[in-house]
4 protein chains.
Amino acid sequence: MSGSVNKVILIGNLGADPEVRSLPSGSPVVNLRIATSERWRDRNTGEQRERTEWHRVVIFNEGLAKVAQNYLRKGSKVYIEGQLQTRKWEKDGQDQYTTEIVLQGFNSTLTMLDGRGEGSGESGSYGNQGSYGGSRQVENRQRPSSAPAFEPGGMDDDIPF
Amino acid sequence: MSGSVNKVILIGNLGADPEVRSLPSGSPVVNLRIATSERWRDRNTGEQRERTEWHRVVIFNEGLAKVAQNYLRKGSKVYIEGQLQTRKWEKDGQDQYTTEIVLQGFNSTLTMLDGRGEGSGESGSYGNQGSYGGSRQVENRQRPSSAPAFEPGGMDDDIPF
Amino acid sequence: MSGSVNKVILIGNLGADPEVRSLPSGSPVVNLRIATSERWRDRNTGEQRERTEWHRVVIFNEGLAKVAQNYLRKGSKVYIEGQLQTRKWEKDGQDQYTTEIVLQGFNSTLTMLDGRGEGSGESGSYGNQGSYGGSRQVENRQRPSSAPAFEPGGMDDDIPF
Amino acid sequence: MSGSVNKVILIGNLGADPEVRSLPSGSPVVNLRIATSERWRDRNTGEQRERTEWHRVVIFNEGLAKVAQNYLRKGSKVYIEGQLQTRKWEKDGQDQYTTEIVLQGFNSTLTMLDGRGEGSGESGSYGNQGSYGGSRQVENRQRPSSAPAFEPGGMDDDIPF
DNA sequence: TTTT
DNA sequence: TTTT
């Protein structure tokens with residue numbers, strides 16, 4: 001089927017430092033554990049309630065994997081855009097299924113929302129968020145850099161809006 | 001943690017008719033199986049490849065549950081907005097985890113993208129999409145119906161844009 | 001037409017303190033100016049480039065309007081979900097059009113992404129982000145608070161995933 | 001500023017055939033007019049109300065521009081993901097501003113939601129939606145085509161979910 | 001100017 | 001007019 005969309009948008013905090021592996025090809029793959037929480041007041045008891053959801057994020061996109069590896073730490077707050085994938089594996093001869101948010105290729109995004117990588121503390125130096133945004137966009141950007149993005153006029157030249 | 005977002009957006013087709021259950025409270029709960037697919041050309045072999053992903057959707061929102069029950073069928077194309085939740089259950093004494101897209105409360109959406117409910121054929125009469133969009137929005141809409149949504153002016157009254 | 005979606009998602013910073021007005025009904029309306037920026041490296045010159053986009057946000061949703069009024073300040077970073085609306089007005093007898101991101105009713109969201117309301121400094125006490133998330137969700141939440149959200153089982157009871 | 005997001009998601013119908021122009025560089029640029037509508041029941045009068053919003057979409061992304069040019073017609077239903085940009089122009093010596101949804105570079109999407117290109121009728125042959133999805137993804141896809149996307153295991157090898 |  |  002074409003005409004389908006599979007998109008996940010998360011804003012949350014890392015529950016642990018990123019975990020880095022390598023594909024046989026040498027490409028880095030980064031796994032993140034991200035928590036999102038919601039709070040609400042119970043309608044019956046009136047008390048404050050909270051629910052935390054944990055998400056598995058897998059980054060295949062090389063540029064984003066490097067960003068994650070270099071700038072994210074336990075506690076970092078991130079914005080993520082990826083897609084849902086469920087994979088099957090076995091445990092004691094029994095099928096298991098794991099659903100992950102995959103960042104791969106176009107239409108994947110990772111943006112740091114704190115400039116500090118606050119959290120674990122034992123982090124070392126991993127720069128600021130600016131260097132990442134730039135590097136990622138370099139590889140995907142397509143607008144001709146020398147031409148203006150828009151020219152006056154458009155669909156209705158006389159009454160352009 | 002506050003300041004988090006957990007959002008899933010899907011456009012896909014139902015792999016089966018909706019499955020309706022009832023909560024102890026009598027509220028309907030609807031389960032959907034939705035397929036999203038992507039196609040691409042293999043970089044090495046040049047051949048066309050396709051991957052289909054199956055998603056579990058659970059609708060707790062009563063208005064949306066009724067829409068799903070009444071208007072969706074196997075093959076229906078839908079737009080869905082919900083959130084990720086993973087629940088734990090047991091099988092043969094072993095923990096299992098299932099991740100679902102939950103439509104519940106505010107910020108959940110379900111929109112039919114075909115006016116026919118094409119697919120199974122044995123569908124019977126389940127109306128058109130218009131009746132749903134209306135009914136759902138009735139219960140959530142908040143703009144005072146008699147007042148204009150906007151008045152001229154705003155942050156910079158003289159140079160409003 | 002049914003079957004349509006109109007959604008804007010922004011993460012950016014307020015360029016000024018929120019501007020609060022009141023509808024004839026007494027309901028508060030809050031206007032925000034939000035900046036989003038992107039940086040990239042120019043393909044030809046290799047130099048760093050930046051583009052900032054300014055957005056007009058209008059909050060009709062009462063709960064979110066109060067949050068904005070109480071907790072946001074110039075410089076605050078926010079996540080916003082709303083919809084596009086263009087309104088027409090006149091200036092010197094000439095039609096003008098202004099496009100805004102409207103937060104109104106269901107499917108609107110405003111989330112603070114910094115816990116401090118940093119920015120202007122002369123802010124006074126406007127609490128932490130947690131108090132907002134809760135209050136908003138109170139008015140929209142629908143899951144019965146006493147019942148478990150999920151029961152084991154689902155569409156395929158034996159092979160639940 | 002880094003750490004910002006500027007995203008628009010639309011599902012709507014074309015109010016007119018796509019309008020194709022060319023940049024000085026020869027790259028095609030396509031303008032679309034897209035309508036989104038919402039219906040609700042007036043709380044006071046109880047009558048059905050409808051509001052249609054018209055959006056200007058500008059496609060700079062070459063692959064998506066070709067898809068739009070070849071497969072979209074007046075009446076076509078599309079899913080669009082782009083970003084907001086407001087540009088300034090002059091009319092009778094007075095500043096005017098136009099806000100558009102721009103599809104450009106990574107993180108832009110255009111998906112046909114009807115397989116027919118229904119609408120104008122005088123369309124000629126513009127294939128099916130499949131050919132587009134493929135071609136677009138070819139140019140952006142990054143997963144190594146020969147390697148499995150996932151290997152069993154992950155962050156917690158023993159308790160993988 | 002679309003669509004239902 | 002924000003932010004880095």
Side-chain angles (χ1 to χ4, degrees), chain A residues 71 111-117 127-134 155-156 159 161, chain B residues 71 111-117 127-134 155-156 159, chain C residues 1-6 10-19 31-39 48 50-57 72-78 80 113-114 116-121, chain D residues 1-6 10-19 31-39 48 50-57 72-78 80 86 113-114 116-121:
Chain A
Y71 301 121
T111 300
M112 289 185 64
L113 294 176
D114 45 12
R116 294 140 278 142
N128 75 339
Q129 25 179 170
S131 53
Y132 126 67
M155 295 188 79
D156 312 284
I159 310 155
F161 198 81
Chain B
Y71 302 119
T111 300
M112 289 185 63
L113 293 177
D114 44 13
R116 294 142 279 142
N128 76 338
Q129 24 180 172
S131 54
Y132 127 67
M155 295 187 79
D156 312 283
I159 310 154
Chain C
M1 178 200 44
S2 56
S4 67
V5 169
N6 173 358
L10 297 181
I11 294 177
N13 295 275
L14 272 68
D17 284 354
E19 179 175 298
N31 290 271
L32 306 177
R33 281 298 253 162
I34 295 184
T36 57
S37 305
E38 46 180 340
R39 273 186 237 143
Q48 181 82 14
E50 173 162 357
R51 177 192 170 92
T52 296
E53 193 69 36
W54 286 97
H55 309 271
R56 295 182 175 275
V57 174
L72 299 183
R73 290 295 175 269
K74 179 181 176 179
S76 297
K77 175 166 281 191
V78 289
I80 287 238
L113 294 177
D114 44 12
R116 294 140 278 141
E118 70 202 339
S120 64
Chain D
M1 178 200 43
S2 57
S4 67
V5 170
N6 174 357
L10 298 181
I11 295 178
N13 295 275
L14 272 68
D17 285 353
E19 180 175 298
N31 289 272
L32 307 177
R33 281 298 253 161
I34 295 183
T36 57
S37 305
E38 47 179 340
R39 274 186 235 142
Q48 181 82 14
E50 173 161 357
R51 177 192 168 91
T52 296
E53 193 69 36
W54 285 97
H55 309 272
R56 295 183 175 275
V57 173
L72 298 184
R73 290 295 176 269
K74 178 180 176 179
S76 297
K77 175 165 281 190
V78 288
I80 287 240
T86 297
L113 293 178
D114 43 13
R116 293 141 276 141
E118 69 202 342
S120 63

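Letters go in sequence order (proteins before strands), and every chain restarts at 1. No experiment lies behind these values; they were computed from the predicted model shown. Note: hydrogens, waters and symmetry copies are ignored here, and every other heavy atom, side chains too, is used.
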Where the side chain of C:E50 is defined as all heavy atoms beyond and including C-beta, which of F:dT4, F:dT1, E:dT2 is the nearest nucleotide? F:dT4
note: D:N6, atom CG; F:dT2, atom P; distance rounded to Å ~ 19 Å
Rounded to the nearest 0.5 Å, what separation is found between the CZ atom of C:R33 and the CG atom of C:L14? 11.0 Å
Can you tell me how far P of E:dT2 sits from CG of D:L14, to the nearest Å? 11 Å
C:N13 CG - F:dT2 P separation (whole Å): 10 Å
Interatomic distance where CG belongs to D:L32 and C1' belongs to E:dT1 [whole Å]: 13 Å
Nearest to side-chain heavy atoms of C:A16, which nucleotide of E:dT2, F:dT1, E:dT1: F:dT1
What is the distance, to the nearest angstrom, from the CD atom on D:E53 to the P atom on E:dT2? 16 Å
For atom CE of B:M112 and atom C1' of E:dT4, their distance in whole Å: 11 Å
Hey, does D:V57 have a side-chain heavy atom less than 4.5 Å from the side chain of D:I80? yes
Starting at atom NZ of D:K77, determine the distance to atom P of E:dT4, rounded to an integer number of angstrom. 7 Å
Protein-nucleotide distance (C:I11, atom CD1; F:dT4, atom C1'), rounded to Å: 15 Å
Any idea which of E:dT1, E:dT2, F:dT2 is nearest the D:R33 side chain? E:dT1
Residues D:S37 and D:T52: side-chain donor-acceptor under 3.5 angstrom: yes
Please determine whether any donor N or O and acceptor N or O are separated by less than 3.5 Å between the side chain of C:T52 and the base of F:dT2. yes
Once rounded to the nearest 0.5 Å, what's the spacing between atom CG of D:L32 and atom CG of D:D17? 10.5 Å
